[in-house]
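Scope of the values below: all heavy atoms of this structure, side chains included, with no hydrogens, waters or symmetry mates.
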Amino acid sequence: MTVSYTLKVANSRFGGFSKLLFRWKGSIYKLLYKEFIIFVVLYALLSLVYRQLLTEEQKRLYTKVAQYCNRSTDLIPMSFVLGFYVTLIVNRWWAQYTSIPLPDQLMCVISSNVHGKDERGRILRRTLIRYANLSAVLILRSVSTRVLKRFPTMDHVVEAGFMTQEERKKFESLHSDFNKYWIPCVWFTNLAAQARRDGRIRDDVALRLLMDELNLYRAKCSMLFHYDWISIPLVYTQVVTIAVYSFFAFCLIGRQFLEPLEPGQEGDLDMYIPLSTLLQFFFYAGWLKVAEQIINPFGEDDDDFETNKLIDRNLQVSLLSVDDMYQNLPPAVKDKYWNESTAQPPYTTATAAETLKPSFLGSTFDMRMCEDTEQSQPAEASPSVPRIQTPLLSRFFTAASPAISIKNFGWGSRGHPHLRRPRMDGGFPSPYPNRSEDPESVARIEEEEMEDEESRASDPTTPGGCLGGTQPLEASETQRKELPLIQVKAPSSDSIGTDRPEAWEP
């Protein structure tokens, strides 16, 4: 029977989990006490042999062996191996529980779409849901030891009312080398098709809905079969088991009390009971026992699934819904809050304090904004205000970026002024004639040009331009008109700031 303690931990209080430590059924003590006793007995025997039977020379040799074993325990990644393995087992355990077929959705579809208050209608509904329950019983007999002990033969299944004698003959006449839990599902589909032809199911939409629910139910039966068939790889389970057992085999020798090798040398504290080692055994071996218990939840352990109770519940609830509850409705009347716009159910004295709490409207609902009224005024975007953009992205936007400097274009902007088209006012325009110029950017570029010209004029060793002169290159008005217009594309993102002429794209 599953051990449930949910009510005990409904409220967090002092010592809440501590009270659970004194339970025996389903506890770690019940799982681990035999291995724990064996470990303690072996440790005590080795301690007695070392203290009473070994000579001084033998103790020296044993001390070296014990130190080697103690160092070897650090080489086994216990936390990683056990943690990953137990996580995999727990996820598989819960997935198996969610794969247990429950007829709740299917019985609602049968009750609402298979019509007829006469005996024939009752037989159809009860037979359909019985076939679904029979399929679940057959698959649970294949995976659960509890169900197999309850229904060891097909005679017990017939006697329990899940199958008639005629159905058993049909079932056994179909020879197959594989599990035949799916046969009742096929009977279900054939009977549903016959009900559609007889008009008990009134349209194809209802028949399709019935088939979809049956397929979901059958898929869960199939998943249970495959979970039972495909286990965790045996090599992984063996690796984890060997790691745990070898770790504590080293601990039996390496965690013993050792006398100092040299006389006068200070030794370790003589702990007759190795508390830390026993706790370590309790944690790691208990972790392994948890995986051992839930790796197959269809057994007879304390925390295994109560499959027999599920069978009883499913049959009773499903037959009640498709038979006694068919077209058995309470009268539809006006509810208590018919004339009220806001329904407010009453509270008891024990829960009256909850009415004083305000409803949650959002994490920022009560946040107070800045009291400065100017900060709360809406701001309108002005088309004359330039937008700040990065140099690499400026080619994709219409507005120029004030962050673009003439220095960002390397040698091309400073050493070859003839590659830029001159303007009538003596300056150099942007290589994008269709874009609006930013006055601040233009002024910034002109200021940098003036600084460069002054620096070249003051330094006679610096060439003034691409022609090698010592003065900045000036063009007259006539020369400006005759100078061919050459438009240069912006350099690629990889060439910005480099001194390679081939990086430019003409």
Side-chain angles (χ1 to χ4, degrees), residues 98-141 154 157-158 160-174 176 179-225 310-338 343:
T98 56
S99 298
I100 296 177
L102 299 176
D104 297 60
Q105 294 180 344
L106 184 60
M107 69 188 186
C108 292
V109 175
I110 293 175
S111 181
S112 60
N113 291 285
V114 182
H115 301 282
K117 288 186 177 181
D118 56 346
E119 183 178 356
R120 177 60 180 170
R122 288 188 61 194
I123 291 176
L124 283 175
R125 290 190 297 273
R126 292 178 69 93
T127 303
L128 288 172
I129 202 64
R130 183 170 57 82
Y131 284 161
N133 283 279
L134 175 60
S135 181
V137 169
L138 293 178
I139 191 60
L140 287 175
R141 283 182 72 247
M154 295 302 295
V157 177
V158 174
F162 290 98
M163 180 186 290
T164 64
Q165 289 292 346
E166 291 76 11
E167 292 167 352
R168 179 187 175 183
K169 293 178 181 178
K170 286 283 187 181
F171 184 85
E172 294 179 347
S173 64
L174 298 172
S176 177
N179 197 312
K180 296 191 292 185
Y181 69 90
W182 47 269
I183 290 180
C185 294
V186 179
W187 290 346
F188 185 104
T189 59
N190 293 333
L191 186 59
Q194 182 180 348
R196 174 69 183 98
R197 291 192 297 267
D198 295 341
R200 300 287 180 172
I201 300 177
R202 296 183 180 170
D203 51 39
D204 294 335
V205 176
L207 180 62
R208 173 63 183 274
L209 179 60
L210 190 62
M211 293 296 103
D212 290 343
E213 290 299 331
L214 176 68
N215 286 330
L216 292 176
Y217 188 87
R218 186 209 55 79
K220 288 191 173 184
C221 294
S222 178
M223 283 303 299
L224 280 185
F225 178 76
L310 283 173
I311 291 174
D312 297 341
R313 179 262 176 196
N314 291 344
L315 181 63
Q316 181 181 359
V317 171
S318 58
L319 289 177
L320 183 65
S321 66
V322 301
D323 192 7
D324 294 348
M325 295 185 64
Y326 175 73
Q327 299 295 331
N328 186 9
L329 301 174
V333 296
K334 295 181 179 180
D335 59 82
K336 181 179 179 180
Y337 309 101
W338 179 265

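For the pair Arg141 and Val157, the minimum side-chain heavy-atom distance is below 4.5 Å. With contacts defined as side-chain heavy-atom distances shorter than 4.5 Å, the pair Ile183/Leu174 qualifies. In this structure the side chain of Phe171 reaches within 4.5 angstrom of the side chain of Leu138, judged on heavy atoms. The shortest side-chain heavy-atom distance between Cys221 and Trp182 does not fall under the 4.5 Å cut-off. The shortest side-chain heavy-atom distance between Ile201 and Val114 falls under the 4.5 Å cut-off. At least one side-chain heavy atom of Ile311 sits under 4.5 Å from a side-chain heavy atom of Leu140. Considering only heavy atoms from C-beta on, Ile110 stays 4.5 Å or farther from Ser321 through its side chain. Taking the side chain as every heavy atom from C-beta outward, Phe188 and Leu106 approach each other to under 4.5 Å.
Among residue pairs with one or both ends in residues 128-137, those qualifying as salt bridge (charged side-chain N to carboxylate O under 4.0 Å, His left out) are Arg130-Glu167; sequence neighbours excluded. Sorted by first and then second residue, the ring-ring contact (aromatic ring centres under 6.0 Å, His included) pairs involving residues 105-139 (not counting sequence neighbours) are Tyr131-Trp187.
To the nearest 0.5 Å, the span separating CD on Glu166 from NZ on Lys170 amounts to 10.5 Å. The CG atom of Leu128 sits 4.5 Å away from atom CG of Leu191, with the distance rounded to the nearest 0.5 Å.
A distance-only check finds no donor-acceptor pair linking the side chain of Thr127 to the backbone of Leu124 [under 3.5 Å]. Asp198 places no side-chain N or O within donor-acceptor distance of the main-chain N or O of Arg200, the cut-off being under 3.5 Å. A distance-only check finds no donor-acceptor pair linking the side chain of Arg125 to the backbone of Asp323 [under 3.5 Å]. Although no hydrogens or angles enter the test, the distance criterion places no donor-acceptor pair under 3.5 Å between the side chain of Ser135 and the main chain of Ala132. Using a distance-only test at 3.5 Å, with no hydrogens or angles considered, no donor-acceptor pair links the side chain of Ser111 to the main chain of Met107. Formation of a donor-acceptor pair under 3.5 Å by the Asn113 side chain with backbone atoms of Val109 is found in this model.
Atom CZ of Arg313 sits in a crowded spot, with more than 12 heavy atoms from other residues, nucleotides or ligands closer than 6.0 Å. Applying the 6.0 Å contact sphere to CZ of Arg168 captures more than 12 heavy atoms from other residues, nucleotides or ligands. For Gln316, the CD atom sits in a loose shell: 12 or fewer heavy atoms of surrounding residues, nucleotides or ligands are nearer than 6.0 Å. Shown here is Glu119, whose CD atom has no more than 12 heavy atoms of other residues, nucleotides or ligands within 6.0 Å.
Nearest heavy-atom pair, Leu207 versus Ala192, reported as atom, atom and distance to 0.1 Å: CD1-O, 3.9 Å. The minimum heavy-atom distance between Pro101 and Leu224, with the atom names listed, is CD-CD1, 3.6 Å.
For Arg218, the side-chain hydrogen bond (donor to acceptor under 3.5 Å, both in side chains) criterion is met by no residue, not counting sequence neighbours.
Under 4.0 Å is where a charged nitrogen must lie from a carboxylate oxygen, and between Arg208 and Asp204 no such pair does.
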